[in-house]
Amino acid sequence: MKRNLLVSALLLLGFVSLKCNAQVYLDPNAPVEDRVKDALSRMTVHEKVLIIHAQSGFTSAGVPRLGIRQLNMSDGPHGAREELDWNSWRPARWTNDSIVAFPSLTCLAATWNTDMSRIYGSAVSEEFAFRGKDMMLGPGVNINRVPLNGRNFEYMGEDPYLAGEMVVPYIQAVQKNGVATCIKHFFLNNQEMWRSDVNVNVSERAVEEIYLPAFEAAVKRAGTWSIMGSYNKWLDRHCCQNDSSLNSILKRRWGFDGVVVSDWGGTHSTEEAAFGGLDIEMGSAKSYNAYYLADDFEQMVKEGKVPMSILDDKAARVLRTMFRTCMNPRKIIGNIGSEAHYDACRNIGEEGIVLLKNEKSILPLQADNYRKILVVGDNATRNMSYGGGSSELKTRFDISPLDGLRKVYGDKIVYVQGYTTGRPASGSADGAGDDEQARLKTEALEAAKDADLVIFIGGMNKSRHQDCEGTDREGYELNYGQNDLITQLAKVQKNLIVVTFSGSPFATPWIKDVRAMLHCWYLGSMSGETLANVISGKVNPSGKLPVTFAKRQEDYPCFQYGPEGYPGIEKRVDDKVTHQVYYKEGIYVGYRHFNTNKVEPQFPFGFGLSYTTFRYGKASATANADGTWTVSVPVTNTGKVFGKEVVELYISDDECSVDRPAKELKGFTKLALSPGETKDATFTVTRRDLSFFDEATHAWKAEPGTFTAHVAASETDVRSTVTLELR
Ligand code: GLC
């Protein structure tokens with residue numbers, strides 16, 4: 001009897017303790033902060049340390065004992081990367097991880113349409129969620145300082161205001177679905193050359209006016225839940241463990257409450273990571289317990305060399321991210337490959353394509369006007385979803401430019417490759433052997449003679465030293481003999497249209513010889529349909545450049561200070577070889593340089609044509625009681641087809657105690673106008689929009705006086721101005 005009682009009591013006790021353990025965290029609908037505090041109070045020191053570093057290639061640990069799940073991370077900003085092996089970079093070769101590739105972020109920036117950002121973020125995060133991912137490693141908002149940077153295609157152009165405005169809705173839409181964005185790479189990651197250790201020497205004013213604002217918008221306006229440190233150094237500290245950028249600026253000044261994730265392999269010291277603001281260490285090439293924030297760190301905590309408060313802060317940030325994502329009862333299920341996602345991919349691409357030239361309105365192409373249309377170029381058939389580094393994608397399908405054009409123009413379309421990107425047979429660094437290139441060029445020129453029109457489809461691709469992580473381009477020219485081929489084609493066929501794909505600008509020495517040019521960035525899975533819709537006129541192009549296309553490489557400011565300006569120099573510091581790069585141009589990046597120093601670009605920032613025309617009326621400004629101004633301008637579609645027009649607002653300081661750019665972008669809006677329709681473009685200008693960063697007082701400052709508001713169709717095409725008076 002007694003024995004039975006004892007057994008029953010033990011069973012009851014076991015059940016009760018299990019029941020208690022089952023209630024190891026608060027109601028999932030409790031406020032996140034309550035759940036964080038509750039979980040933290042139940043965790044051991046070792047459990048707290050386990051969640052602040054990787055447990056596999058792309059996951060950080062949860063707390064199994066407490067029923068708290070691991071964090072699943074995945075690249076990249078253009079779609080959910082295929083599954084990789086648990087502990088290596090090798091593809092896991094799953095058969096259910098193909099997804100939709102969305103356009104590159106430079107293409108999104110080129111839409112100048114924040115609605116597209118919201119649509120993009122919503123669609124891409126549905127695919128991440130369905131793939132069971134909690135954190136998207138992206139988007140990237142590093143400034144395009146160097147046109148040769150291998151990762152410009154992942155970023156949003158040369159202007160911090162445009163990048164900031166375009167990234168905020170993307171982040172908000174992604175996180176609304178319970179997926180964290182991980183804004184990257186924070187910060188000053190503007191080249192791939194020596195990326196793992198180059199120390200960026202840059203003025204305080206350039207940091208504050210050029211390199212921080214897009215990240216600040218992502219943190220303070222969009223509330224990104226995570227941010228990724230960059231590989232490079234600033235103030236001689238790696239940016240994945242940098243007290244100045246991660247604690248002083250990000251966490252204290254901006255109030256960032258999320259989690260700082262290292263770039264993969266970007267952590268170099270337990271002490272610097274402990275005190276330098278890193279919260280999750282990823283990708284350090286060693287066994288996980290040997291990570292800098294693993295056993296050694298735990299030992300330092302136990303010895304009191306690192307206060308428990310530091311560990312608790314890191315663990316709390318990780319838990320907060322978990323309760324916002326993988327433990328969030330409102331995280332969506334999501335879906336992959338829906339019609340809505342392919343529509344989003346196409347619509348974003350259609351609004352991001354930039355029409356750079358259209359002589360005698362040869363575009364849109366009316367099929368009936370042509371008997372034979374020759375398509376030339378490797379990029380007409382090349383799959384651009386693969387390659388490029390960590391942003392590469394395994395897609396369900398991609399519609400190539402050639403297939404897209406054939407769908408519209410049928411057998412009028414004839415194709416020849418024109419050039420090859422094969423490995424150099426003759427040892428030349430640029431493309432395949434000379435014989436093969438010569439054969440393909442001859443074939444293309446012969447075919448061009450017999451066609452009514454030629455569409456050349458080229459540009460860059462995602463191979464090394466093109467648009468690819470880990471390497472920069474070796475020059476500003478297009479590779480594989482494209483310039484010569486285009487020039488030769490123009491001699492045998494005056495009806496020549498050039499279509500290019502790339503994340504960065506390049507030289508266009510043949511531009512006067514061709515009748516039209518479309519630049520497409522990278523368009524993702526629907527490339528062919530997107531391009532065909534614009535070429536055929538089904539969609540009127542409305543993209544504008546988020547970067548300046550210079551005539552020559554040396555026209556960019558980063559090249560005007562010798563190797564110190566780019567890619568940097570080797571310098572001995574404390575008897576160690578270091579890499580140092582000097583941003584000597586300061587704030588004069590992109591159009592800020594071209595305009596202020598009167599260097600004529602090939603195509604200016606903010607430039608893009610349409611199949612219709614727009615007339616801008618007179619700009620007006622009213623001063624508001626809250627100290628802002630409202631600037632307004634009527635815009636009319638004076639053409640025959642529907643179109644969208646990006647109206648840009650630039651501000652210049654008529655008189656200032658310090659040098660300032662000739663003008664700076666402080667507003668934009670995109671108007672959809674039917675033929676004959678007029679709408680007002682309206683902007684609100686704030687005191688901050690008039691300000692510069694004053695290094696004397698380490699603060700933003702607007703000096704009383706007059707400012708000019710320029711309403712423009714591009715940075716160099718000002719349609720109307722109005723004066724603002726700051727008292
Ligand atoms: C890479 C990239 C980063 C990426 C990470 C994981 O080195 O710099 O953008 O998210 O590692 O692949």
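Both ligands and their constituent atoms are indexed starting at 1 by order of listing. The structure presented is a predicted model; accordingly, all values stated were derived computationally and were not measured.
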Novice: Between E154 and ligand 1, which residue portion shows a heavy-atom distance shorter than 4.0 Å: side chain, backbone, both, or neither?
Specialist: neither
Novice: With atoms numbered from 1 as shown, which atoms in ligand 1 lie under 4.0 angstrom from a non-hydrogen atom of R195?
Specialist: 7 (O), 8 (O)
Novice: Which of the numbered atoms in ligand 1 are under 4.0 angstrom from any heavy atom belonging to W89?
Specialist: 12 (O)
Novice: Would you confirm whether the ring centroid of Y292 sits within less than 6.0 angstrom of the ring centroid of F297?
Specialist: no
Novice: Take every heavy atom of H185, measure it against each atom of ligand 1, and state whether any distance is under 4.0 Å.
Specialist: yes
Novice: Relative to each other, are the rings of H78 and F153 parallel, tilted or perpendicular (30° and 60° limits)?
Specialist: tilted
Novice: Tell me: protein heavy atom nearest atom 11 (O) of ligand 1, and distance?
Specialist: D263 OD1, 3.2 Å
Novice: Identify, for atom 2 (C) of ligand 1, the protein heavy atom at the shortest distance, and state residue, atom and that distance.
Specialist: E469 OE2, 3.2 Å
Novice: Over 60° means perpendicular and under 30° means parallel, so tell me whether F187 and W234 are parallel, tilted or perpendicular.
Specialist: perpendicular
Novice: D75 heavy atoms, cut-off 4.0 Å: which ligand 1 atoms fall inside?
Specialist: 4 (C), 6 (C), 10 (O), 12 (O)
Novice: Within 45° of the six-membered ring axis of Y170 and under 6.0 Å from that ring's centre, is NZ or CZ of R118 located there?
Specialist: no
Novice: Would you say the side chain of S527 lies within less than 4.5 Å of the side chain of Y522, judging by non-hydrogen atoms?
Specialist: no
Novice: Is it the case that K184 places NZ or CZ above or below the six-membered ring of F215, under 6.0 angstrom from the centre and within 45 degrees of the axis?
Specialist: no
Novice: Taking the side chain as every heavy atom from C-beta outward, state whether T500 and F506 have any pair of such atoms under 4.5 Å apart.
Specialist: yes
Novice: Whether K462 engages the ring of Y386 as a cation-pi pair (distance to the six-membered ring centre under 6.0 angstrom, angle to the ring normal within 45°) should be assessed.
Specialist: no
Novice: Output the list of atoms in ligand 1 that are nearer than 4.0 Å to some heavy atom of R81, sorted by atom number.
Specialist: 12 (O)
Novice: Considering only heavy atoms of F58, which atoms of ligand 1 have at least one such atom less than 4.0 Å away?
Specialist: 6 (C), 12 (O)
Novice: What protein heavy atom sits nearest atom 7 (O) of ligand 1, and how far away is it?
Specialist: Y231 OH, 2.6 Å
Novice: Which ligand 1 atoms are under 4.0 Å away from a heavy-atom of K184?
Specialist: 3 (C), 4 (C), 9 (O), 10 (O)
Novice: Relative to each other, are the rings of Y556 and F559 parallel, tilted or perpendicular (30° and 60° limits)?
Specialist: perpendicular
Novice: Would you check whether M73 reaches within less than 4.0 Å of ligand 1, judged by its heavy atoms?
Specialist: no
Novice: Show which atoms of ligand 1 fall inside a sub-4.0 Å distance from at least one heavy-atom site of L137.
Specialist: 10 (O)
